[in-house]
S.K.: 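Can you read through this structure? Questions will come right after.
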Amino acid sequence: MALRSVIGLYTDEDTAANALDAVAGAGFDKGEYDVLTGTPYPDGTFGEEEPVHKLYRFPLIGAACGFTVGLLLTTGTQLAFPLITGGKPLLSIPPMAIIMYEGTMLGAILFTVVGIIFESRLPRMFMGAYDTRITEGYIGVTITSDESKMERAEETLKSAGAEEVKRGWEQTDF
Amino acid sequence: MQEHVQLTQRQINEDLLSSVLKTPRWWWPAVIVSAAIFLTGIGAFGYMLNQGVGVTGLNRPVFWGVYMVNFVFFIGISHAGIMISAILRLTQAEWRRPVTRAAEVLTVFSLMSALMAAPLVHVGRPWRADLWVFPYDFARGVWINIRSPFVWDPSAVMTYLTASTLFVFVALIPDLAIVRDRTDGLTRKFYAMMAMGWRGTPRQWKLQAVAGILLSALVLPVFVSVHSIVSWDFAVQIAPEAWHSTIFAPYFIIGAIHSGVSAVATLMVIMVWVWGWGKYLKPDHLDAIGRLLIVVATTWFFFFFLEWVFALYTLEDPELAVRELQVFQWPWSGLFVVFLFTAYLIPVPMWMFRSVRRSYFWMFVTTILVNIGMWLERFLIIVPGTMRRGDFIFDWGSYHPSIIEILMVIMTFAWVALGMLVFTKLFPLIPLFDVKEGMVFRDEIRIGRRVVPASIRE
């Protein structure tokens, strides 16, 4: 089913927060509306719920993977070519620990970055309703729903004091 | 932090995107000069590859020269980004906002210069260097020798470079969206692709904030490990006995922070002078960084003093031989005096004065002095260290860098300059969203009859 989106632009935080209340009052589901800003605001500034994420799991998984790769690399390669150097044991813990440590950290960081992108719902193929003035200080309230609800969405945003309301590009369910 | 000017988001966009959306007249000549110096260094490198390392001043017993000095120096500079960005982010220091990205980008280009200095240039035959690190020569079944510091080093530096680059990229995404919204045509497509469809939802901002904290916390241990491992390149060697020091790791780390934070202060002044960002990088910022530098420099000086105490207390011949070379033999003695004065004795007493800390000119001069001193410090550890004049040592050679080496040293500096210039043309060097967030969180409160700026924190 094809989705449409509409955006209302507001100049201050209070009007945008009221607009969000109006949208919720007009019967739109939580998943159908969102706020767009050009700068971070404290959680709940517009009355929105605090976003829930699972980012903290990513570095843990990454660290475990990185540690395992580091362990396999250091033990496997030394056992595959068992050459005693400097009179040290074949599996010498201190140098192994260095490589495993770096592997662990690298795994944790790589997975964290993947996690940030994934949890931020990026990359986003369709921008939906958007206005470049958002990165200039305007606050956008968007409603993404099916075509039949678009007129009601526009009405709600306008009556909540939007300086301008415009429709966005079409989104498609894959 | 008493100075505050409230700016609108539009003003911030106009000011801070000036480097991306406009090209000042000096930019192309600066790029051409940096590129020409860099290419001259590449030419010298090609000549060295063709003729062999005999064209350098390296000879028995000094096999580590200015290439290794440069390697350690640039690894040190690279500590700037994480020191400024991660630690100040974790401690929620408000003055970090306009400084973080420049420091992080300096980290990335300095690390590249470090990699250029050691694995590429120093080894003489770089195509063989990969065989130490990635010797997956399946035909012979020979694997890496993980007991060698020359395997620890690339693993740490590559981890740090990957982490720093990703750190810069993640924090850049919201600003890429701002540039996307102010460009058109192919340029817009480029930034749109890089911004990955960023819209600025509360979820995305929340993740961005958590990412800053989380990545800072993850990069910090890597930052500590990198210079520790670089110090172990020295400390675990058998030959220069004077390097067998247990305090080398913290000594190197604090030295790196000293030179790195100084380099960030230099960069801040340059940003004000060439881009006119004085509204964002105010004397307050320099004052804060100057205070930080006094603490860092004094801690470094304490380790330097300890290093000397340990050396002289034991009265071991190899240690005394190196100290004697450093202090009494020309030209090292002259360099030693220059090093002491430039790295500590001139800048730190000057930073005690508020007027110096708040002066763009004096902070520029003193922080440049620090980096001259810190480069010489590494030189004085490496060259007299490898000379090893003592009983039953019969290679009494000395070292003078050749013109080929000097060109390649200059090349690494030109690379950092070129990298910073190109980055500034493509991406904003001051994080716009961070500065804007600072404006949202700023307010004024009345205390008695005074109105003072305040910062709200969640």
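It should be emphasised that the depicted structure is a prediction, and the values quoted were computed from it without experimental measurement.
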S.K.: For residues A/V113 and B/F167, determine if any side-chain heavy atom of one lies less than 4.5 Å from a side-chain heavy atom of the other.
M.R.: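 With C-beta onward as the side chain, the pair stays apart.
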S.K.: Within the structure provided, determine whether B/N145 and A/F81 are in side-chain contact (heavy-atom separation under 4.5 Å).
M.R.: no
S.K.: Checking A/I98 against B/W232 for the side-chain contact (heavy atoms from CB on, under 4.5 Å) test, could you report, in this order, the C-alpha distance in whole Å, the side-chain angles of both residues, the deciding distance, and whether it holds?
M.R.: CA-CA 11 Å; A/I98 291 169; B/W232 295 336; 3.8 Å; yes
S.K.: Sort A/T112 into side chain, backbone, both or neither according to what part of it lies under 4.5 angstrom from a heavy atom of chain B.
M.R.: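 Answer is side chain: those atoms of A/T112 sit under 4.5 Å from chain B.
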S.K.: Count the heavy-atom pairs under 4.5 Å between each of B/A211, B/S148, B/A209, B/G197 and chain A, then report the option with the highest count.
M.R.: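 Result: the option with the highest number of such pairs is B/G197.
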S.K.: Which distance, rounded to the nearest 0.5 Å, do you find between the NZ of B/K206 and the OG of A/S120?
M.R.: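 So the gap between those two atoms works out to 12.5 Å.
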S.K.: Could you walk me through whether A/L106 and B/T162 pass side-chain contact (heavy atoms from CB on, under 4.5 Å), step by step?
M.R.: CA-CA 8 Å; A/L106 183 62; B/T162 309; 4.0 Å; yes
S.K.: Would a distance-only check, ignoring hydrogens and angles, find a side-chain to backbone donor-acceptor pair under 3.5 Å from B/R199 to A/M127?
M.R.: yes
S.K.: Indicate whether the side chain of B/T201 and that of A/D34 have a donor and an acceptor atom separated by less than 3.5 Å.
M.R.: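 Side-chain D/A pair, B/T201 to A/D34: absent.
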S.K.: Below 4.5 Å from any heavy atom of chain A, which atoms of B/L214 appear? Answer side chain, backbone, both or neither.
M.R.: side chain
S.K.: Take a 6.0 Å sphere around CG of A/D29 and say whether it holds more than 12 heavy atoms from other residues, nucleotides or ligands.
M.R.: yes
S.K.: Hey, does the Lys NZ or Arg CZ of B/R180 hover above the aromatic six-ring of A/Y130, less than 6.0 Å from the centre and inside 45° of the axis?
M.R.: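 The answer is yes; both the distance and angle limits are met.
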S.K.: Treating A/Y101 as the side-chain partner and B/P221 as the backbone partner, does any N or O pair qualify as donor plus acceptor under 3.5 Å?
M.R.: yes
S.K.: At a 4.5 Å cut-off on heavy atoms, which part of B/V222 comes close to chain A: side chain, backbone, both, or neither?
M.R.: both
S.K.: Counting only non-hydrogen atoms closer than 4.5 Å, does B/I238 touch chain A with its backbone (N, CA, C, O), its side chain (CB onward), both, or neither?
M.R.: neither
S.K.: What do you reckon, is CG of B/L186 surrounded by more than 12 foreign heavy atoms closer than 6.0 Å?
M.R.: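 No, the 6.0 Å shell around CG holds no more than 12 heavy atoms from other groups.
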S.K.: To the nearest 0.5 Å, what is the distance between OH on A/Y41 and CD on B/E437?
M.R.: 10.5 Å
S.K.: Under a 4.5 Å heavy-atom cutoff, which of A/M96, A/R121, A/E48 has the most pairs with chain B?
M.R.: A/R121
S.K.: Which atoms of A/P82 are under 4.5 Å from chain B, going by heavy atoms: the side chain, the backbone, both sets, or neither?
M.R.: neither
S.K.: Would you say B/R10 and A/E136 make side-chain contact, with heavy atoms under 4.5 Å?
M.R.: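 Contact flag for B/R10/A/E136 side chains = yes.
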S.K.: For the side chain to side chain contact (heavy atoms under 4.5 Å, CB included) test, which of A/L36, A/L122, A/T135 pairs with B/W198?
M.R.: A/L122
S.K.: Is atom CD of A/E164 surrounded by more than 12 heavy atoms (other residues, nucleotides or ligands) closer than 6.0 Å?
M.R.: yes
S.K.: Are any non-hydrogen side-chain atoms of A/D131 and B/D181 less than 4.5 angstrom apart?
M.R.: no
S.K.: I need the B/F433 CZ to A/T37 OG1 distance, nearest 0.5 Å.
M.R.: 11.5 Å
S.K.: Any heavy-atom pair between the side chains of B/Q208 and A/P40 that's under 4.5 Å?
M.R.: no
S.K.: Could you have a look at A/Q78, A/K88, A/R133, A/E50 and say which one has the most heavy-atom pairs with chain B under 4.5 angstrom?
M.R.: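 Top option by heavy-atom pairs under 4.5 Å: A/Q78.
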S.K.: Name the member of B/Q204, B/K436, B/R182 that forms the most heavy-atom pairs with chain A at distances under 4.5 Å.
M.R.: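 The option with the most such pairs is B/R182.
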S.K.: Report yes or no: does B/R203 contribute a side-chain atom to a donor-acceptor pair with the main-chain N or O of A/E119 at less than 3.5 Å?
M.R.: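 Yes: the side chain of B/R203 pairs with the backbone of A/E119.
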S.K.: Answer with side chain, backbone, both or neither: which region of A/L83 has an atom nearer than 4.5 Å to a non-hydrogen atom of chain B?
M.R.: backbone
S.K.: Indicate whether any N or O donor in one side chain lies under 3.5 Å from an N or O acceptor in the other, for B/S225 and A/E102.
M.R.: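 Short answer, yes.
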S.K.: Do the non-hydrogen side-chain atoms of A/L110 and B/L166 ever get within less than 4.5 Å of each other?
M.R.: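 Side-chain contact under 4.5 Å: yes.
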S.K.: With side chains defined as the heavy atoms from C-beta onward, is the minimum distance between B/P202 and A/D43 less than 4.5 Å?
M.R.: no
S.K.: Quick check: are there more than 12 heavy atoms from other residues, nucleotides or ligands sitting under 6.0 Å from CZ of A/F118?
M.R.: no
S.K.: So which residue, A/G38, A/S92, A/A108, ends up with the most heavy-atom pairs under 4.5 Å with chain B?
M.R.: A/G38
S.K.: Do you know the tightest heavy-atom contact between A/P95 and B/I146?
M.R.: CB-O, 3.2 Å
